[in-house]
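Notes follow once the structure below has been shown.
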Amino acid sequence: MVVDDQASMRAMIRRALQDLGFKDVRDKAGPVEALAAVRSDRVHLIISDYNMPDMDGLQFLEQVRQDPVIGKTVFIMLTGSADKEIVQKAAALGVNNYVVKPFAPAALKEKIERVFGELT
């Protein structure tokens with residue numbers, strides 16, 4: 001599940017994931033819709049932007065981690081800055097990894113592999 005309020009970023013990440021071999025790539029424009037979708041149809045990976053209206057990526061991560069059904073879902077945060085405070089808060093909330101934008105597909109692959117192991 002790719003969650004980002006920018007359609008162009010969702011499309012770029014979706015394409016990168018498909019190029020890496022992911023078959024079922026879904027996306028939502030915001031965390032509220034994404035939470036509902038993930039609760040009703042579980043996913044193995046959430047890639048979420050940090051800076052979004054209504055609910056930021058940290059609040060979204062916290063909602064995911066507090067849910068007994070989806071709480072263990074792998075969560076990778078995208079952020080436009082390497083703000084140490086955001087990274088520390090994300091780590092405290094249980095983020096699996098993070099990627100600083102802009103990024104190359106190879107960087108995303110490396111972050112995913114650190115969690116899941118080598119992609120084939």
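We're numbering straight along the sequence, starting at 1.
Side-chain contact between Met77 and Val99 is absent, with no heavy atoms from C-beta onward closer than 4.5 Å. At a threshold of 4.5 Å between non-hydrogen side-chain atoms, the residues Ile13 and Leu108 count as touching. A 4.5 Å side-chain heavy-atom check between Val74 and Val43 finds every atom pair outside the cut-off. The shortest side-chain heavy-atom distance between Tyr98 and Ile86 does not fall under the 4.5 Å cut-off. Within the 4.5 Å cutoff, the side chain of Asp5 has heavy atoms near those of the Asp49 side chain. Between Val2 and Lys28 there is no side-chain heavy-atom pair separated by less than 4.5 Å. The shortest side-chain heavy-atom distance between Met52 and Pro31 falls under the 4.5 Å cut-off. Contact annotation: the side chain of Met12 approaches that of Met9 to within less than 4.5 Å [non-hydrogen atoms, C-beta and beyond].
Leu45 and Val95 fall into different hydrophobic clusters, defined by Ile, Leu, Val, Met, Phe, Trp and Tyr side-chain heavy atoms under 4.5 Å apart, directly or through other members. If you chain together hydrophobic residues whose side chains sit under 4.5 Å apart, Leu35 and Ile76 never meet in one group. The same ILVMFWY cluster, assembled from side-chain heavy atoms under 4.5 Å apart, contains both Phe116 and Leu78. Residue Tyr50 is not grouped with residue Val115 when hydrophobic side chains (ILVMFWY) are merged at heavy-atom distances under 4.5 angstrom, including chains of intermediate members. Taken together through direct or relayed side-chain contacts under 4.5 Å among Ile, Leu, Val, Met, Phe, Trp and Tyr, Ile70 and Leu58 form part of one hydrophobic cluster.
Residue Glu85 places its CD atom among 12 or fewer non-hydrogen atoms of other residues, nucleotides or ligands, all under 6.0 Å distant. Enclosure of atom CZ in Arg15 is not indicated, since only 12 or fewer non-hydrogen atoms of other residues, nucleotides or ligands lie within 6.0 angstrom. Crowding of Lys111 atom NZ: a count of heavy atoms from other residues, nucleotides or ligands under 6.0 Å exceeding 12. Counting non-hydrogen atoms of other residues, nucleotides and ligands closer than 6.0 Å to NZ of Lys72 gives a total of 12 or fewer.
In plain terms, the two heavy atoms of Ala37 and Met1 that are nearest each other are CB-CE, 3.9 Å. Minimum heavy-atom separation, Gly57 to Ser48: CA-OG, 4.3 Å.
Atoms CG and OG1, on Leu61 and Thr73 in that order, are 10.5 Å from each other to the nearest 0.5 Å. With rounding to the nearest 0.5 angstrom, the CG atom of Leu17 is 11.0 Å from the CG atom of Asp24. Taken to the nearest 0.5 Å, the CD atom of Glu62 stands 12.5 Å off from the CG atom of Asp67. How far NZ of Lys84 is from NZ of Lys89: 14.5 Å, rounded to the nearest 0.5 Å.
Taking the charged nitrogens against the carboxylate oxygens, Asp41 and Arg26 do have a contact shorter than 4.0 Å, which makes a salt bridge. Between Asp19 and Lys109 there is no salt bridge, since none of the side-chain N atoms of the basic residue sits less than 4.0 Å from a carboxylate O of the acidic one. Ion pair Arg14/Asp4 not flagged as a salt bridge, since none of the NZ, NE, NH1 or NH2 atoms sits closer than 4.0 Å to an Asp/Glu carboxylate oxygen.
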Item to complete: In sequence, state the C-alpha distance, the side-chain angles, and the governing distance for Arg42 and Val69, and then conclude on side chain to side chain contact (heavy atoms under 4.5 Å, CB included).
Response: CA-CA 9 Å; Arg42 299 205 31 215; Val69 176; 3.6 Å; yes
Practice prompt. Apply the test side chain to side chain contact (heavy atoms under 4.5 Å, CB included) to residues Lys101 and Thr79: give CA-CA distance (whole Å), side-chain angles for both, the deciding distance (0.1 Å), then the verdict.
Written response: CA-CA 6 Å; Lys101 292 192 227 175; Thr79 177; over 6 Å; no
Worksheet item: Taking it one step at a time, do Gln63 and Arg39 satisfy side chain to side chain contact (heavy atoms under 4.5 Å, CB included)?
Response: CA-CA 11 Å; Gln63 291 289 309; Arg39 283 179 175 142; 4.1 Å; yes
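Checked against the 6.0 Å centroid threshold, Phe60 and Phe75 count as a close aromatic pair.
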